[in-house]
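Below is one structure, written out as structure tokens; the observations come after it.
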Amino acid sequence: MRNEQSKNENKRENEDTLTNRQGHPVTNNQNIRTVGNRGPATLENYNFIEKISHFDRERVPERVVHARGAGAHGYFEAYGTAGDEHISKYTRAKLFQEKGKRTPVFVRFSSVIHGGHSPETLRDPRGFAVKFYTEDGNWDLVGNNLKIFFIRDAMKFPDMIHAFKPDPVTNIQSPERFFDFCASSPETFHMVTFVYSPWGIPANYRMMQGSGVNTYKWVNGEGESVLVKYHWEPKQGIKNLTQKEANEIQATNFNHATQDLYNAIEQGDYPEWELFVQFMSDEEHPELDFDPLDDTKLWPKDEFPWIPVGKMVLNKNPEDYFAEVEQAAFGTGVLVDGLEFSDDKMLQGRTFSYSDTQRHRVGANYLQLPINAPKKRVATNQSGGQMQYHVDRKDKHINYEPSILGGLKEAEPSGKDYSPRVEGNLVRESIDRNDNTKQAGQTYREFEQWEKDELISNLVGDLSQCDQRIQDAMIALAEEADEEYGHRLREGLANAASDKPSSHPLGNKESDKAPEQAVDKGHDADPY
């Protein structure tokens with residue numbers, strides 16, 4: 001009798017059988033339990049209640065920034081050298097030391113300002129975040145496609161994002177809000193020059209550069225440090241879009257960049273990037289006309305050459321978008337031995353903010369999720385919090401350190417401690433080398449003619465709808481950056497129709513006509 005019952009159980013359930021989270025086979029997934037086939041329903045509809053209550057909670061809070069994203073798995077392959085020298089001269093980080101050494105990675109690409117299902121054609125910086133699962137634990141290199149940023153001090157970040165996000169009343173992005181902040185914060189002008197050019201709309205994720213943006217440090221076995229900048233260069237080449245081209249793509253597909261990345265990997269056309277670094281001695285460098293810790297500035301290539309140190313290949317798509325791409329959590333403070341922070345004020349602010357937002361968004365135990373967990377042994381005295389599903393401790397009774405009785409012990413250092421000397425008054429001041437327009441002028445002059453034309457057209461289209469005081473401030477910055485830049489912007493605004501302020505995606509003035517077009521082109525229908 002018992003054997004017969006066991007056989008029936010085997011027939012009832014196999015690898016394809018639907019169950020609930022308790023492991024119970026679900027025999028009817030089409031109908032709730034009711035009194036008669038018309039209802040009412042009963043309260044003890046356990047499978048329905050479990051299903052619908054999970055559905056009600058299946059979204060975690062959306063990222064405040066970088067909500068729209070795509071991701072992929074792959075590996076980083078080290079060259080073992082930095083130019084003609086072994087890389088150990090600069091860093092003791094293990095993932096770089098051996099030629100051909102491969103480290104698993106997960107990369108998340110994103111746009112910054114807009115929501116989780118926004119079009120991937122919008123004018124916006126793009127996020128470029130790489131999680132290295134190294135033998136010493138995770139390293140997160142969190143950056144953007146553009147190599148600079150709008151601001152140089154983390155205090156201004158919430159205000160900047162508020163200004164760039166949709167208006168709190170209309171819930172529509174407003175160029176006047178964007179330029180009001182930028183005109184009032186002249187350090188943004190270099191980034192504005194990039195974002196309003198074709199570089200503000202990359203063609204897709206595979207064909208865009210990446211950058212760590214912030215200044216970091218590398219530390220060698222002797223505890224000696226150098227300043228370092230990171231740059232990802234796509235081997236697929238670089239492609240950007242004009243506003244008109246982006247509009248045409250958006251009209252047919254608002255997921256084009258995600259689809260492009262997914263299809264390329266599925267077809268075996270694995271995207272690759274080479275990782276370059278720039279070095280500078282760990283000093284203040286008063287001989288430069290910019291501060292090396294200023295995120296609004298580029299380090300000139302001719303003075304600080306790009307040195308290749310490895311390559312990255314993405315060769316596997318996520319198996320589940322939510323589990324891997326949405327729950328992936330990055331932080332600028334996630335560094336391994338041999339990599340260090342600099343005093344970059346944006347980096348210092350991001351290092352708190354990024355990990356803090358992950359705990360809010362995904363939960364206190366977000367690092368136990370497979371996509372975020374290091375691919376090595378983990379042993380901590382941390383425990384508790386929502387969704388803990390295993391204990392890291394060696395001795396379950398000893399959850400503290402130090403201890404005579406047992407428990408976890410401190411690791412041995414792998415090299416001399418990096419111990420920089422810090423001295424100065426505590427102040428609230430901007431860095432003192434803050435020329436806001438020189439590099440913007442250099443960038444403008446390096447643009448090709450069609451890029452200059454597109455930049456001026458996009459700026460004029462949006463600034464023409466802004467308050468005259470905002471226009472005057474932006475013209476003054478352009479004139480200070482480059483005579484031609486300023487002349488073309490002033491002339492363009494003088495000839496542009498002075499429209500009333502409106503709200504639309506940055507650079508896309510034509511979208512103002514969309515509400516009327518929807519009425520004019522809509523087809524009448526009778527009620528039913």
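Note that this is a predicted model, so its numbers are computed, not measured.
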Review point. Please walk me through it: do L477 and V192 pass side-chain contact (heavy atoms from CB on, under 4.5 Å)?
Key: CA-CA 11 Å; L477 289 170; V192 168; over 6 Å; no
Practice item. Over 60° means perpendicular and under 30° means parallel, so classify the ring planes of F194 and H190, tilted if in between. Key: tilted
**Study point:** Polar side-chain atom of Q471 near backbone of C466 as donor-acceptor pair, under 3.5 Å
**Key:** yes
Review point. Which pairs count as side-chain hydrogen bond (donor to acceptor under 3.5 Å, both in side chains) when at least one residue sits in residues 79-89, sequence neighbours excluded?
Key: Y79-E274, E85-K89, E85-Y90, H86-S88
Check your understanding: Are the side chain of R68 and the backbone of S118 linked by a donor-acceptor contact shorter than 3.5 Å?
Key -> yes
Check your understanding: In terms of ring plane angle, is the pair F164 and F181 parallel, tilted or perpendicular, where the classes change at 30° and 60°?
Key -> perpendicular
Point to revise | Set of residues satisfying salt bridge (Lys or Arg N to Asp or Glu O under 4.0 Å) with respect to R359, sequence neighbours excluded | key: none
Point to revise | Test applied, ring-ring contact (aromatic ring centres under 6.0 Å, His included); reference residue, F109; option that passes from Y262, W273, W232 | key: W273
Check your understanding: Any side-chain heavy atom of V105 sitting closer than 4.5 Å to one from Y133?
Key -> no
Review point. Does the side chain of F132 reach to within under 4.5 Å of the side chain of T103, using non-hydrogen atoms?
Key: yes
Check your understanding: Shortest non-hydrogen contact from L293 to S342?
Key -> CD2-OG, 3.7 Å
Practice item. Give me the one residue out of F128, W139, F276 that meets ring-ring contact (aromatic ring centres under 6.0 Å, His included) with Y230. Key: W139
Check your understanding: Would you say the side chains of Y196 and D462 form a donor-acceptor pair under 3.5 Å?
Key -> yes
Practice item. Determine the sole option in Q439, K438, K297, R433 for which the side-chain hydrogen bond (donor to acceptor under 3.5 Å, both in side chains) test with D289 is passed. Key: K438
Review point. Of all residues at least two apart in sequence or in a different chain, which pass the salt bridge (Lys or Arg N to Asp or Glu O under 4.0 Å) check with E451?
Key: none
**Study point:** Flag side-chain contact, heavy atom, 4.5 Å: K217 against Y418
**Key:** yes
Review point. Can you find a heavy atom in the side chain of I201 that is under 4.5 Å from one in the side chain of E245?
Key: no
**Study point:** R152 and its side-chain hydrogen bond (donor to acceptor under 3.5 Å, both in side chains) partner, picked from D344, D295, D294
**Key:** D294
Practice item. Would you mind telling me which of K147, K301, Q209 makes a side-chain hydrogen bond (donor to acceptor under 3.5 Å, both in side chains) with H231? Key: K147
Exercise for review: Taking atom CZ of R490 as the centre, report whether more than 12 heavy atoms of other residues, nucleotides or ligands fall under 6.0 Å from it.
Suggested key: no
Check your understanding: Do you know the tightest heavy-atom contact between N240 and P198?
Key -> CB-O, 3.1 Å
Exercise for review: Determine the sole option in K452, R445, R488 for which the side-chain hydrogen bond (donor to acceptor under 3.5 Å, both in side chains) test with D482 is passed.
Suggested key: R445
Point to revise | Smallest separation among heavy atoms of V334 and N138, with atom names | key: CG1-O, 3.2 Å
**Study point:** Main-chain N/O of A329 paired with K131 side-chain donor or acceptor, under 3.5 Å
**Key:** yes
